[in-house]
Amino acid sequence: MLINGEHVSDMDEIEVKNPYNGEVIDTVPISHLNNVDKAIKAANNAKKELQEMSAFKVSNKLYNVCEKLKEHREEFAELLTKEVGKPINESYVELDRSIETLKLAAEEAKRIYGESVPLSAGLNGKGFFAFTQKVPLGVVVAITPFNYPLNLTIHKIAPAIACKNTVIIKPPTDAPLTVMKFAEIVNEEFPDGVINTITGYGSEVGDALVASDKVNKISFTGSVMTGFLISNRAGMKKVTLELGGNDPLIVLDDADVDAAVKGVINGAYLNAGQVCMGVKRIIVQEGIYDEFKDKLVKETSKIKQGNPLDKNTTLGTLISEKAAIHVEEAVNNAVDNGAEILIGGKRDGAFFEATVIDKITHDMDLVVRETFGPIAPLIKVNNVDEAIDVANSTEYGLQAGVFTQNYKNALRCANEIEAGTVFVNKQSTFRTDNMPFGGFKNSGCGKEGIKYAVDEMTKTKLIGLNLR
Ligand code: NAP
């Protein structure tokens, strides 16, 4: 672990395994709570030096971090593929997005400012000159999941530092290594204690960080269940929760079917379906249902499952065999209730085949819950009203996609689907790193996307000068 610029170990360790071949890649400590306290102390002590730094300097340092990550792109991508099991080409994309995210934060560091406020517009407010400032919160704790460990963590660290907060990272236990390696780079640029890492189980060290009254903000990405636990434990501190999704992709009768099929291929099987904004429910109008289904099966048959380090592989493993068994159970349960597998459906260790399932009803567990696997479940509907109803029928509301050439239907879906983002003629599985990202309903609260994350990581102070 990295605490106050020093490497710190503990008595017990966790093995980090490659889900493809079971090889132990490395070990990380299970932190004792006294080291959690040390990290919190270090982060608090480092606040003053960081906050006294000019925005110009903070921005330059973030650019330097970005350049260093670029230099080490290849080795980071390889490590990411080894610890997560995602195809190497997907790891390159995660690296490129991470570099982009850092660049956006370096830019944003130079435009964090308030506004003048006309107090004279309020009763008895005449004679003041007043303005706001955006003030850092202090110590930000970043807790992140296994599926995009590097970029999702950078989505927290980079804006936090851009607005001069110090950071403690609790990386995912299944995939902590790229994040810890990245923290080393940040530490080379910034004073000791600005960035710290604590490893160990979320329910212990994560919980201790969340409950601490010397931490000012929890920025969490992960499951709805953990999100609820965190919001209950966090007390008065600010919390951003980026939680699970169960994103619909609606295909209406007038859609460009080939484009919609491509949307599913890119959205349902990416990272073996372990994507919060992955396409998880495909809602298809009856007029084009058969054509869509046949084309989807054909394109799914071209997916290449294999060694994640092989550049030709398009489907890697899930994060663990346990996760793949969980998907297998959800699929079997749907089949027991009348669903029909058109292609795929088999598990081999931590692999699960790209799978299209027909005859899904909107109330089956497979689509009511978030299934984190390479599954394309098809739900047939009669019309746009039913499509919207089905889309809104879960507790989630992260992103959504609708394929139609009819602008009235497009706008109806955009207005009526309860989700943080609705794309028209694009699947939900799309994000640029500057856009406001964050769900409705149980998919979370608060937004990320650098500028929006900075808003969530600062507080507004008003300064009023009485000139009378
Ligand atoms: P998870 O089990 O909720 O874990 C996420 C992080 O929380 C891990 O670092 C975990 O540590 C930690 N944690 C667990 N219990 C905790 C507690 N009581 N207090 C504090 N921290 C705790 O999620 P996951 O299985 O890794 O990730 C998959 C989920 O993340 C899916 O639901 C997915 O949709 C969601 N996700 C959302 C977004 C988004 O932006 N909306 C993006 C990606 C993923 P351990 O690893 O040690 O358990």
Side-chain angles (χ1 to χ4, degrees), residues 14 16 28-31 36 83-84 86 94 97 101 141-156 168-177 179-180 197-212 215 218-234 237 239-247 270-280 318-320 322-323 326-327 369-373 394-399 419-421 428-431 433 435-449 452-453 456:
I14 307 169
V16 182
V28 293
I30 301 177
S31 177
V36 174
E83 64 176 342
V84 178
K86 65 174 69 180
E94 183 165 349
R97 283 191 50 203
T101 308
V141 163
I143 305 179
T144 46
F146 71 84
N147 59 344
Y148 288 85
L150 185 65
N151 192 40
L152 292 175
T153 307
I154 292 179
H155 261 290
K156 302 179 184 311
I168 305 168
I169 307 164
K170 203 317 261 170
T173 297
D174 282 329
L177 302 177
V179 172
M180 293 174 80
T197 55
I198 287 287
T199 50
Y201 297 110
S203 51
E204 291 162 19
V205 294
D207 183 70
L209 289 165
V210 170
S212 169
V215 162
I218 307 298
S219 181
F220 172 73
T221 300
S223 63
V224 172
M225 200 179 76
T226 312
F228 272 118
L229 287 175
I230 287 178
S231 72
N232 284 334
R233 288 285 278 157
K237 56 182 79 74
V239 175
T240 297
L241 301 173
E242 300 287 346
L243 308 180
N246 198 353
D247 292 356
L270 185 74
N271 199 14
Q274 303 165 112
V275 185
C276 58
M277 57 183 177
V279 169
K280 305 207 179 88
L318 276 78
I319 187 66
S320 61
K322 191 172 153 213
H326 198 67
V327 173
R369 304 222 174 100
E370 180 189 34
T371 301
F372 235 39
T394 74
E395 63 172 308
Y396 301 92
L398 189 53
Q399 302 212 111
T421 303
S428 61
T429 322
F430 176 71
R431 175 182 185 182
D433 294 290
M435 74 182 218
F437 181 81
F440 293 174
K441 304 203 286 189
N442 280 349
S443 287
C445 59
K447 293 283 181 193
E448 291 195 336
Y452 305 91
E456 309 252 355

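All ligand and atom numbering here is 1-based and tracks the order in the structure. Since the structure is predicted, the reported quantities are computational estimates derived from the model, not experimental observations.
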Which atoms form the tightest heavy-atom contact between [X] and [Y], and what is the distance?
X    : Y    : answer
V279 : T429 : N-OG1, 3.4 Å
E448 : S219 : OE2-OG, 3.4 Å
P145 : G222 : CB-CA, 4.3 Å
I319 : E83  : CD1-O, 3.6 Å

Answer yes or no: is there a donor N or O on one side and an acceptor on the other, between the side chain of S443 and the main chain of G244, under 3.5 Å?
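Pair found, side chain donor or acceptor close to backbone of G244.
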Is it true that the side chains of T421 and Q399 contain a donor and an acceptor less than 3.5 Å apart?
yes
Non-hydrogen atoms closer than 4.0 Å to ligand 1: which protein residues do they belong to? List them by chain and number, please.
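Within 4.0 Å of ligand 1, protein side: I143, T144, P145, F146, N147, L152, K170, P171, P172, T173, G200, Y201, G202, S203, G206, D207, F220, T221, G222, S223, T226, L229, I230, E242, L243, G244, G245, C276, E370, F372, L398, F437.
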